[in-house]
Amino acid sequence: MQVIVRVTDLSKQFKNLTAVDHLSFSVNEGDVYGFLGQNGAGKSTSIRMMLTLIEPSNGNIEIFGMDLAKNRRDILRNIGAVIEKPDVYKYLSAYDNLQLFARLSGIKPTRKLLMDQLEMVGLAQRADDKVKTFSQGMKQRLGIGIALVHNPQLIILDEPTNGLDPQGIADIRNLILHLSREMNKTVIVSSHLLSEIEQIATRVLIIDKGKKLVEGNASELLDPSQTIVELQTLDNVFTLQQLKLSKWADKIQGQRNNSIVIKLDRREIPALHTDLAGMQIQLLSLQPRHSLEDYFLQITSGNQHVDTYSN
Amino acid sequence: MLTLIQIELYKIFRRPRTYIAFGAIAALILIIQFGLKVDGKSYADFLMKDVGGSMEIDGNIINGYLICYIMLQLLLVHVPLLVALIAADMISGEANMGTLRLLLSKPYSRTELLLAKFLAATVYTIMLLIWLAILALFVSMWIFGIGDMFLMKSSYVVLISQNDVFWRYAGAFVFAALAMVTVAALGFLLSIFAENSIGPIVATMSIIVFFTILSTLNIPIFNALKPYLFTTHLISWKEFFDLKVNDANEAIIGSIQNPQRIITSALVLLLHIVGFVGAGILIFNRKDVLS
Amino acid sequence: MYKILFFVVAFQFAVFAQAQDMTSLVVKVKAKLDQVNDYEADGNMKTDVSFIKAPIGKVKIYFKKPNKFRLKKEGGISLLPKGGVSVNMSSIIATNDFVALSAGVSVVNGNSCKVVKLLPINESSEIVLTTLYIDEPNLLVRKAITTTKENGTYEMEMNYGAFAKFGLPEKVIFSFNTKDYKLPKGITLEFDDNEKTISEAQKLKNKKGRVEITYTNYVVNKGIADAIFIK
């Protein structure tokens, strides 16, 4: 499998803020690469560096096997992007905007190509209407149409579902799946919402405060045999003692937020339940999560990493 | 590059804002022309009162040539605003609209993009001046006819023969174009720093007004500065309308009193344009786009 | 006492006789000019006034008795000394109500002339005093200095050629005093100091203005429509 994007030791320092901190990751051909992080985690800064909008303070970006700093033009010709809000020229029609950006991307579009593109994003009926009359969802679709019009190899969508209603979110999700599965595109999609990513991503990167938290295949991170269970009991010390004496001992991950963390196969949960009852443990809650969700929860709730926790 | 310029021009001329300037110039000029057509006589009397007791002007000084001069004198103070309206918006407007990041992630270098944008702004500026020339010169010539051009300067008056005027206007408009492109370059440079268009537009105008005041003030301490202020050179188009005289104090037809001043001013303005645009490119190439 | 009386009477008589003499001379000159009912002529006009930069211009001059005068410049605009050019010889002597006094003889451009002071009798006349230098044999006014109430004094010097028989000059030089001319730079929107060269600065100081008109192609007494004189 070919590596499309390879980011090595990338950092960006704004005056007093380290937005991206020695970040490395790679995107393979055909991936739907989920780029997860809270607002301000450094997703947008990273994406902007990949599009040469922001100059990295340190590190290297390689796309399509070429150094971005040296082969900017050749690389950008093959990228389509929606960067945050899908802003276009409001005083122009959807068709005119699409045509303009198609030309900027180096192609000479025919009317048919443009109309097909608008058809694909569901805007053919509104082709000649000025964008200022469009809803947020329509603008988002137009933005994606613009990102795709020159048939790029790599598509970067930065928070594409921001401001969309549930139907709009579902539409975008289907579109991404369509691009990946039927058109064989590589897609990088960033979001601060796990729910958007976990259903479509083949690989996931979670960053927090500019640093990589985890990168992995979605299949692994979502693997039911790697389920994380958080136990809350009346007496955690006693519970831990009891567990360490049981067959669960080697599955204990540690403790965090007043919970005991155990990693197990989802199917083992009933057995755990039964054992806990047998050990006279007064259980307050038992919460299973797949590991992606668990990672994500760490950055959204208090950021307290488990000391013994490792990847 | 050509595609970029085409696209930039397309964007300029598809915006309603662009036509404000053309409309404003047309309105101003037509109003002045209307006023002079209706009541030109009293305006002429008012003008000629100042020539002093000893001389009398015979003939109608209010002809197309003089009217164009008056209008240029008035309008070239305001045209910078109209130029700034577009030029100072070239980058900041895109930043404000949010299109800049998309534009800059296209396979063109920032230098190319800036040059294309600046050239487009230049084309706009020149078209504005052509529009001005059509209305202020040709329409005035048509409405008021042509004739000798009688000009009052601060310490002397100039009478330019009818046949000696038109080429001076050609020169004056070319020079004015250069002057306005300088304004455009300044606005353009400032537009790099902002993410809204009002700031750079106001800043461009403020700088021009401020420097113009310095240029106008006759205070010795500022006089030394004057040659270095580009605003001093913006109005050198007027030099086209001054004649050399021979020893017998006859004005020489086809001559210019201070051709050197026109050349110097043109060079100063060119240097400013290169400086402003060059600085813009340097700064913009290093700028992180966060809008 | 008698002596004195005699002297006074004799003097008065002498003055009267002289005045009679001068008056008849002026009347003769006027009669010569009166042959001309109208004329038109082409001319070249040169303006030499310190604060005026004007090229030599082509003009057309029209005159019709008694005092219609029009100078039309090609291109439409001419700068003339106030009240000056339009007061041509004919209109200076148009009136019969004057007192003419002899003021001796003088030479103008090699022509010896009688100097005649012309005082209008009419109190409301714009002209206060005119001094004429009359070439008696040819009945031509070679030079005239006119002092007006409003417009100061100007001098006309005339050279004659082919149309001397009508008393029409070939070249007229008007000289007159000019006043200062200055407009604030704020009005003219001139920013830079116009540092004048020394010679130019001196020219500007010269307060004597001159307008020179050279006449050619006289057409005399062929009739001119009044419309031409309406500005």
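Hydrogens, waters and symmetry mates play no part in the numbers below; they use all other heavy atoms, side chains included. Throughout, protein chains are lettered first and strands after them, A, B, ... in sequence-line order, and every chain is numbered starting at 1.
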**Student:** Any side-chain heavy atom of S105(B) sitting closer than 4.5 Å to one from I79(A)?
**Tutor:**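 The answer is no, as the side chains (C-beta and beyond) never meet within the 4.5 Å cut-off.
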**Student:** Heavy-atom cut-off 4.5 Å, strictly under: side chain, backbone, both or neither for E112(B) against chain A?
**Tutor:**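 Side chain only.
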**Student:** Please check if atom OH in Y19(B) has more than 12 non-hydrogen atoms from other residues, nucleotides or ligands closer than 6.0 Å.
**Tutor:** yes
**Student:** Give a yes or no on whether the backbone of Y108(B) and the side-chain of R72(A) come within a donor-acceptor separation of less than 3.5 Å.
**Tutor:**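 Here the side-chain-to-backbone pair exists.
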**Student:** Is the count of non-hydrogen atoms from other residues, nucleotides or ligands lying under 6.0 Å from E119(A) atom CD greater than 12?
**Tutor:**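 Incorrect, the count does not exceed 12.
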**Student:** Dump the intermediate steps for side-chain contact (heavy atoms from CB on, under 4.5 Å) on V289(B) and I54(A), then the final yes or no.
**Tutor:** CA-CA 6 Å; V289(B) 177; I54(A) 293 178; 5.6 Å; no
**Student:** So that I can tick it off, tell me whether D288(B) and R48(A) are bridged by a salt bridge, with the cut-off set at under 4.0 angstrom between side-chain N and carboxylate O.
**Tutor:** no
**Student:** CZ of F14(A): more than 12 outside heavy atoms within 6.0 angstrom?
**Tutor:**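 Enclosed: over 12 neighbouring heavy atoms sit under 6.0 Å from CZ of F14(A).
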**Student:** Would you say the side chain of L104(A) lies within less than 4.5 Å of the side chain of T3(B), judging by non-hydrogen atoms?
**Tutor:**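 They are not in side-chain contact.
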**Student:** Verify the neighbour count for atom CZ of R126(A): are there more than 12 heavy atoms of other residues, nucleotides or ligands below 6.0 Å?
**Tutor:** yes
**Student:** Can you tell me how far CG of L100(B) sits from CG of L53(A), rounded to the nearest 0.5 angstrom?
**Tutor:**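 Interatomic distance, L53(A) CG to L100(B) CG, rounded to 0.5 Å: 8.0 Å.
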**Student:** Quick check on D74(A) against chain B: is it the side chain, the backbone, both or neither that has a heavy atom closer than 4.5 Å?
**Tutor:**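 Nothing of D74(A), per the 4.5 Å heavy-atom cut-off to chain B.
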**Student:** Under a 4.5 Å heavy-atom cut-off, does chain B meet the side chain of K90(A), its backbone, both or neither?
**Tutor:** both
**Student:** Heavy atoms only, distances under 4.5 angstrom: which of R101(B), M97(B), K287(B), R286(B) has the most pairs with chain A? Name it, please.
**Tutor:**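 Highest number of heavy-atom pairs under 4.5 Å: R101(B).
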**Student:** Count the heavy-atom pairs under 4.5 Å between each of Q6(B), R110(B), R14(B) and chain A, then report the option with the highest count.
**Tutor:**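 Ranked by contacts with chain A, first place is R14(B).
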**Student:** Looking at every non-hydrogen atom in both residues, tell me the closest pair between D87(A) and L102(B) and how far apart they are.
**Tutor:** O-CD2, 4.1 Å
**Student:** Looking only at heavy atoms, what is the nearest atom pair of F101(A) and L103(B), with distance?
**Tutor:**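 Closest heavy-atom pair between F101(A) and L103(B): CE2-N, 4.4 Å.
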**Student:** Using the rule given for side-chain contact (heavy atoms from CB on, under 4.5 Å), can you reason through Y89(A) versus E94(B), listing the C-alpha separation, both sets of side-chain angles and the distance that settles it, and then say yes or no?
**Tutor:** CA-CA 9 Å; Y89(A) 299 102; E94(B) 300 246 13; 2.5 Å; yes
**Student:** Can you tell me which of Q99(A), E84(A), K12(A) forms the most heavy-atom pairs within a distance under 4.5 Å of chain B?
**Tutor:**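 Highest number of heavy-atom pairs under 4.5 Å: K12(A).
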**Student:** Please determine whether side-chain contact (heavy atoms from CB on, under 4.5 Å) holds for the pair Y91(A) and K11(B), giving the CA-CA distance in whole Å, both sets of side-chain angles, and the decisive distance to 0.1 Å.
**Tutor:** CA-CA 9 Å; Y91(A) 53 88; K11(B) 285 194 283 193; 3.7 Å; yes
**Student:** Please report the shortest heavy-atom distance between K106(B) and L76(A), naming the atom on each side.
**Tutor:**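 Between these two residues, the closest heavy atoms are O-CD1, 3.7 Å.
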